[in-house]
Each structure stands twice: as C-alpha cells, then as structure tokens.
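I have placed the structure first, in the form of structure tokens, so that the comments after it can refer back to it.
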Amino acid sequence: KKKILKKIKKPVKKKAANKKTAKKILAQLDFTRDRQVRTADAAGAAGADGDLDLSNLSEQLRVMNVYGISGNKKNRLPHDVLAEERKLEREANFFAAVLNGDVDFVRSHILFIDLNIKNKDDNTLLHVAAEGGHVAVMQALLAALHPDTRRAAVLARNKYNQTPLHLAAENVHGEVVAYLLEYGADVNAIDDTGWSPLYYAAVNDRIDVARVLLGRGAQKKDAAQLASGIGYNNIAQIIDQYSSGAAAAGAAGDGGAGPA
C-alpha cells in the first residue's frame with residue numbers, strides 16, 4: 001500500500017512543483033503586462049514602428065503551455081486580455097497606416113476597426129489623415145462612415161479643441177482644407193488658443209490655403225496683423241484686402257453635404 005501510494009503521490013507533487021516553477025517564471029516575465037498594455041497609447045506605439053511588441057506575451061504563452069497552465073485554471077491569462085492585445089495591435093497598425101498614407105492597407109482593414117478610436121491627444125483617424133495631408137485616406141474613412149455621421153467626424157475636436165481643418169491648415173495642406181470644407185467643416189472653428197484655421201494659414205504664409213478659407217467665409221479678425229507681425233506681409237495684405245462680399249458668396253455656396 002505504501003509503495004502504491006508513493007507512486008500515486010509522486011506525479012501530484014511533481015505537478016505542484018511545476019506549477020510553482022511556472023508561477024515564478026511568469027512573475028519574472030511580468031504577468032501583469034495587460035495593465036501596461038491597457039494604459040499604453042496605441043498610436044504612440046505605432047508612431048515608432050507601426051507595431052506593438054508582443055514578444056513578452058508570446059513567451060508567457062509558451063511557459064504556460066510547457067507547464068500545463070491551461071483550460072479554466074486560475075493562472076490562465078484571461079481571454080479578454082489576449083483580445084485586448086490583438087485589438088490594440090490592430091489599432092496601432094491602422095493608425096500607422098493612416099499616418100503614412102497607406103490607403104491600400106486602410107481600405108483592406110477598415111471593416112475591422114472602430115473608426116471612432118482616438119490617440120493620446122484625442123486625435124481621431126480623420127485628424128491624423130488631415131495632419132498628414134492624405135486625401136485618399138480621408139476619402140476612404142469618410143466613405144466607410146454612415147452619411148449621418150460624416151459631418152460629426154469632420155467637426156470632431158481633439159484635446160486642444162482643434163478640428164481636422166485646424167490641423168490641415170496648420171500643416172499647409174490646401175487640398176485637404178478644400179476637401180474638409182466640402183464636407184461641412186466649420187471654417188471659423190476656434191481652438192483653445194483662440195485661433196481659427198485662417199490664423200494657422202497666416203502664420204505659415206500659405207496664401208493658397210488662406211484664399212480657400214476666405215472664399216468659404218473665414219472671418220479675418222486680426223489674422224492679417226498676426227501675419228505681418230512675423231514678416232509675412234504678402235499674405236497679410238491679401239487677408240486684409242479680401243472682399244467681404246466674395247467671402248459671403250463663398251460661404252453661401254457651402255452646403256456641407258460633401259462631394260458626390
């Protein structure tokens with residue numbers, strides 16, 4: 001009886017020892033990595049190389065498999081954590097594609113992404129596309145949205161109270177500015193600094209962008225003085241002398257429905 005009991009107990013002790021060893025290894029691998037991932041900014045991670053580092057997670061899964069920690073065991077990595085890892089990886093890759101203007105990637109993955117996601121600055125995908133000057137990407141994003149939600153996406157604000165139009169004007173993308181205005185962007189939207197898109201065009205000396213904005217009814221206010229104050233006299237003069245009648249006519253022609 002003693003010999004039989006000894007043989008039966010041996011595997012049990014070995015299994016317990018394996019479990020103990022596995023716990024130590026998993027602790028060394030930082031088994032609470034899911035908390036770090038949940039608080040990490042997906043877009044920030046994508047900004048470096050467009051991908052999240054999953055090597056630590058893979059090693060955890062390997063250790064769990066070797067030591068038999070699976071099924072409904074208490075030590076199993078929760079399924080929702082793994083799902084969150086995959087979700088964040090997809091979002092990081094998608095943000096990187098939008099930032100880099102990879103329209104083929106955007107079109108092929110757009111059905112698997114929540115188009116309302118934001119990065120650490122509360123920039124939406126449309127903000128990122130506008131900042132990068134990628135009209136084709138913006139077309140793909142807006143086409144994937146329901147018609148009733150497109151204008152809301154165009155008017156979305158980030159943590160600095162900026163719309164995609166602010167970022168387009170700031171980064172001197174005239175084509176993007178015109179495209180956003182076709183979809184009903186607010187030409188006189190004010191951010192936390194009190195600046196409208198025209199102010200950003202003025203301080204970047206972009207006459208083409210300024211003319212588009214003025215043609216859609218942008219209020220001049222002191223944008224001309226701002227431009228002349230930093231030596232951009234040409235655009236200051238254009239803003240200052242722009243016909244208010246032409247601006248009103250341009251604003252009247254803006255239906256905000258977007259191109260067909």
Exercise for the section: Examine distances only and state if a side-chain atom of H166 and a backbone atom of N161 form a donor-acceptor pair shorter than 3.5 Å. Expected result: no
Handout entry: Heavy atoms from other residues, nucleotides or ligands near CD of Q139 exceed 12 (cutoff 6.0 Å)
Key = yes
Practice task
Starting at CG of N204, measure out to NE2 of H173 and round the result to the nearest 0.5 Å.
Solution key: 10.0 Å
Problem - pair R90-I113: side-chain heavy atoms closer than 4.5 Å - result: yes
Completion exercise
Taken to the nearest 0.5 Å, the spacing of T124 OG1 from L115 CG works out to 10.0 Å
Practice task
Measure up the F94 and F105 rings against each other and bin them: parallel (under 30°), tilted (30 to 60°), perpendicular (over 60°).
Solution key: tilted
Handout entry: Minimum-distance pair of heavy atoms, taken over all atoms of A97 and V106
Key = CB-CG2, 4.1 Å
Fill in the blank from the handout: Taking every heavy atom of L165 against every heavy atom of A185, the minimum-distance pair comes out as CD2-CB, 4.0 Å
Practice task
Please report the shortest heavy-atom distance between V176 and A168, naming the atom on each side.
Solution key: CG1-CB, 3.7 Å
Practice task
Tell me whether L145 is reachable from V154 by hopping between hydrophobic residues (I, L, V, M, F, W, Y) whose side-chain heavy atoms are closer than 4.5 Å.
Solution key: yes
Practice task
Assess whether side chain to side chain donor-acceptor pair (under 3.5 Å) is satisfied between Y199 and D222, documenting all intermediate values.
Solution key: CA-CA 8 Å; Y199 281 63; D222 55 352; 2.3 Å; yes
Completion exercise
side chain to side chain contact (heavy atoms under 4.5 Å, CB included) with Q162: of D192, D121, I190, L167, only one passes, and it is L167
Fill in the blank from the handout: All heavy atoms of I235 vs all of A210, minimum pair found to be CD1-CB, 3.9 Å
Handout entry: Short side-chain to backbone donor-acceptor contact, N171 and G132, under 3.5 Å
Key = no
Practice task
Calculate, to the nearest 0.5 Å, the distance between atoms CG and CD1 belonging to D122 and I117 respectively.
Solution key: 12.5 Å
Exercise for the section: Kindly assign one of parallel, tilted or perpendicular to the pair H109 and F112, based on the angle between their ring planes and the thresholds 30° and 60°. Expected result: perpendicular
Completion exercise
d(L214 CG, L198 CG) to nearest 0.5 Å is 5.0 Å
Handout entry: side-chain contact (heavy atoms from CB on, under 4.5 Å) between D191 and Y200, intermediate numbers included
Key = CA-CA 11 Å; D191 64 10; Y200 287 103; 2.4 Å; yes
Fill in the blank from the handout: In short, R211 meets I238 closest at the heavy-atom pair NH2-CD1, 3.7 Å
Completion exercise
Separation between NZ (K118) and CG (N158), nearest 0.5 Å, reads 8.5 Å
Problem - Heavy-atom neighbours of Q237 CD exceed 12 at 6.0 Å - result: no
Problem - Flag side-chain contact, heavy atom, 4.5 Å: L180 against M138 - result: yes
Problem - Closest approach of F95 to N123 (non-hydrogen atoms, all atoms of both residues) - result: CZ-O, 3.9 Å
Practice task
Say whether, by atom type as modelled, one donor and one acceptor occur between the side chain of K221 and the main chain of S196 under 3.5 angstrom.
Solution key: no
Fill in the blank from the handout: Hits for side chain to side chain contact (heavy atoms under 4.5 Å, CB included) against H134, two or more places apart or cross-chain, chain-then-number order -> V137
Exercise for the section: Kindly work out whether a path of hydrophobic side-chain contacts (I/L/V/M/F/W/Y, heavy atoms less than 4.5 Å apart) joins Y232 to Y242. Expected result: yes
Practice task
For the pair R206 (side chain) and A201 (backbone), establish whether a donor and an acceptor sit closer than 3.5 Å, ignoring hydrogens and angles.
Solution key: no
Practice task
Side-chain contact test, heavy atoms from C-beta onward, threshold under 4.5 Å: evaluate it for E182 versus R216 and give yes or no.
Solution key: yes
Problem - Approximate separation, where rounding is to 0.5 Å, of H127 NE2 and T163 OG1 - result: 6.0 Å
Handout entry: Cluster check Y160, L126: I/L/V/M/F/W/Y, side chain < 4.5 angstrom
Key = no
